[in-house]
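Quick note: residue numbers are just sequence positions, from 1. Predicted model, so just to flag it, every value in this text is computed and none were measured.
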Amino acid sequence: MTDRVMSKAATMEIPINSNGDTGALAEDDSLEQDLQQVMVSGPNLNETSIVSGGYGGTAEGIIPTGSIMGPNMQHSSSSSSMTAEEATRGVAVEKYEAVKKWGLNTYKCTKQMISERFGRGSRTVDLELEAQIEVLRDTKRKYVNVLRLAKALTNHFYNMVQTQHALGDTFADLSQKSPELRDEFGYNAETQKLLCKNGETLLGAINFFVSSINTLVNKTMEDTLWTIRMYENARLEFDAYRSDLEELSLGPRDAVTMARIEAAQEQYQVHKEKYERLRSDVIIKLKFLEENKVKVMHKQLLLFHNAISAYFAGNQQQLEETLKQFNIKLRPPGADKPSWLEEQ
């Protein structure tokens, strides 16, 4: 009995060689199981299977491919990805906070503006400054009208000068072709040419006048009005946060409310400083604008008067002296046309 069991156990421990059927069946079963595992779970690219021994060998080891990269490469790739994610998250948080702050500020200002229009809210008023601002806006409207009329006069006078030039050329041509009226056509041609020359001189003075008024209206005054618009927006924001602080001060004084009051007090102080700074800027710019306006208009009105008077009086010498007095240089005829080199 014992010998039978011993022989049976020894028989079970004896490996079957590659030519036996039992080994082939076991190998086929192992290969089929591996294929089924790959079909179900897919290949694991993070692991590499290294088989030791020959064909059909049973000894194999699993080595993770991640370990081949080394710890330094793994740490650098993970740290760079974390840094990129943190940077992206930081930009998103900043944008969110900016949009949140803008929305809250817009809401408060809109609420304040509606309250002022319906007479329910109070607003900060500087009567003297607002009167000066209204005078400036009215002055600009009048100067814009002067500029429009001066441009219209320039266009009409330019057309008249061109007509005089063409008429002088026609008289000169007829003087050559009409012997019986040569003298009459001749002195009329000379008169039109003289008027045309004086008209071009007057056009130079008027163009200088228009250019100076345009600079005063559309640059100097507009710069001051832009500062005024910034001041008015700052005033609206200041009143909005002031009203918000007053409403919170009238409420209960618990811990949450006190924190909100402190935050509102900080915002109120920030917008108060901004309002006062822009108010000071407006006062300074209004003062300098008034001085500059008086200086510019004194010179331009004197130029306009002297040039018009000399032209219609037929005083060519005085007209030329007026241009020299104000350092106005006339462009020679055809100066606006490009040269033949520029046309090429």
*Distance from Phe326 atom CZ to Leu303 atom CG, nearest 0.5 Å?*
5.0 Å
*asked:* For residues Val217 and Leu289: do they belong to one hydrophobic cluster (side chain heavy atoms under 4.5 Å, members Ile, Leu, Val, Met, Phe, Trp, Tyr)?
replied: yes
*Can you find a pair of side-chain heavy atoms, one from Lys329 and one from Leu323, that are under 4.5 Å apart?*
no
_Minimum heavy-atom separation for Leu248 and Ala264, please, with both atom names._
CD1-CB, 3.8 Å
*Using side chain to side chain donor-acceptor pair (under 3.5 Å) as the criterion, list what pairs up with Asp244, not counting sequence neighbours.*
Lys108
*Does a donor on one side chain sit under 3.5 Å from an acceptor on the other, for Glu320 and Gln316?*
yes
_Cluster link Leu236 to Ile114, ILVMFWY, side chain under 4.5 Å_ = no
_Could you list the cluster mates of Leu181? Members are the ILVMFWY residues connected by side-chain heavy atoms closer than 4.5 Å, either directly or through other members._
Leu167, Phe171, Leu174, Phe185
*Could you pull out the closest heavy-atom pair between Leu129 and Leu286, with the gap in Å?*
CD1-CD1, 3.8 Å
_Before you tell me yes or no, could you show the steps for Lys142 and Asp138 under salt bridge (charged side-chain N to carboxylate O under 4.0 Å, His left out), namely the whole-Å CA-CA distance, both residues' side-chain angles and the distance that decides it to 0.1 Å?_
CA-CA 6 Å; Lys142 294 178 179 179; Asp138 184 63; 3.3 Å; yes
*Taking all non-hydrogen atoms of both residues, which atom of Gln300 and which atom of Ser212 are closest, and how far apart?*
NE2-OG, 3.1 Å
*asked:* Considering only residues two or more places apart or on different chains, which pairs with a residue in residues 217-232 satisfy side-chain hydrogen bond (donor to acceptor under 3.5 Å, both in side chains)?
replied: Arg137-Glu232, Lys140-Glu222, Asn214-Asn218, Glu222-Arg229, Asp223-Lys285, Thr227-Lys285
*Tell me, do Leu195 and Gln192 make a side-chain contact under 4.5 Å, heavy atoms counted?*
yes
_Ser178 side chain near Glu184 side chain, heavy-atom distance below 4.5 Å_ = no
*Where at least one partner belongs to residues 110-165, residue pairs that pass ring-ring contact (aromatic ring centres under 6.0 Å, His included), sequence neighbours excluded*: Phe157-Tyr311
*Please report the closest heavy-atom contact between Thr322 and Ala307, naming both atoms and the distance.*
CG2-N, 4.1 Å
*Are Tyr275 and Val270 connected in a single hydrophobic cluster, I mean Ile/Leu/Val/Met/Phe/Trp/Tyr linked by side-chain heavy atoms less than 4.5 Å apart?*
no
*Check side chain to side chain donor-acceptor pair (under 3.5 Å) between Thr124 and all other residues, then give those that pass, not counting sequence neighbours.*
Asp239
*Look at the aromatic rings of Phe209 and Phe304 and report parallel, tilted or perpendicular, splitting at 30° and 60°.*
tilted
*Got a sec: does the CD of Glu128 have more than 12 other heavy atoms crowding it under 6.0 Å?*
no
_Salt bridge check, Lys293 against Glu290: does any charged N sit closer than 4.0 Å to a carboxylate O?_
yes
_Contact check, side chains of Asn233 and Leu278, non-hydrogen atoms, under 4.5 Å_ = no
_Is there a path of hydrophobic side-chain contacts, each under 4.5 Å between heavy atoms of I/L/V/M/F/W/Y residues, joining Leu216 to Leu225?_
yes
*Rounded to the nearest 0.5 Å, how far apart are CD of Glu247 and CZ of Arg242?*
10.5 Å
_Nearest non-hydrogen partners of Ala172 and Ala189, listed with the distance_ = N-CB, 3.7 Å
*Applying salt bridge (Lys or Arg N to Asp or Glu O under 4.0 Å), which residue pairs with at least one partner in residues 257-274 are found, sequence neighbours left out?*
Glu237-Lys274
_Least distance between heavy atoms, Leu203 atom then Val161 atom_ = CD1-CG2, 4.2 Å
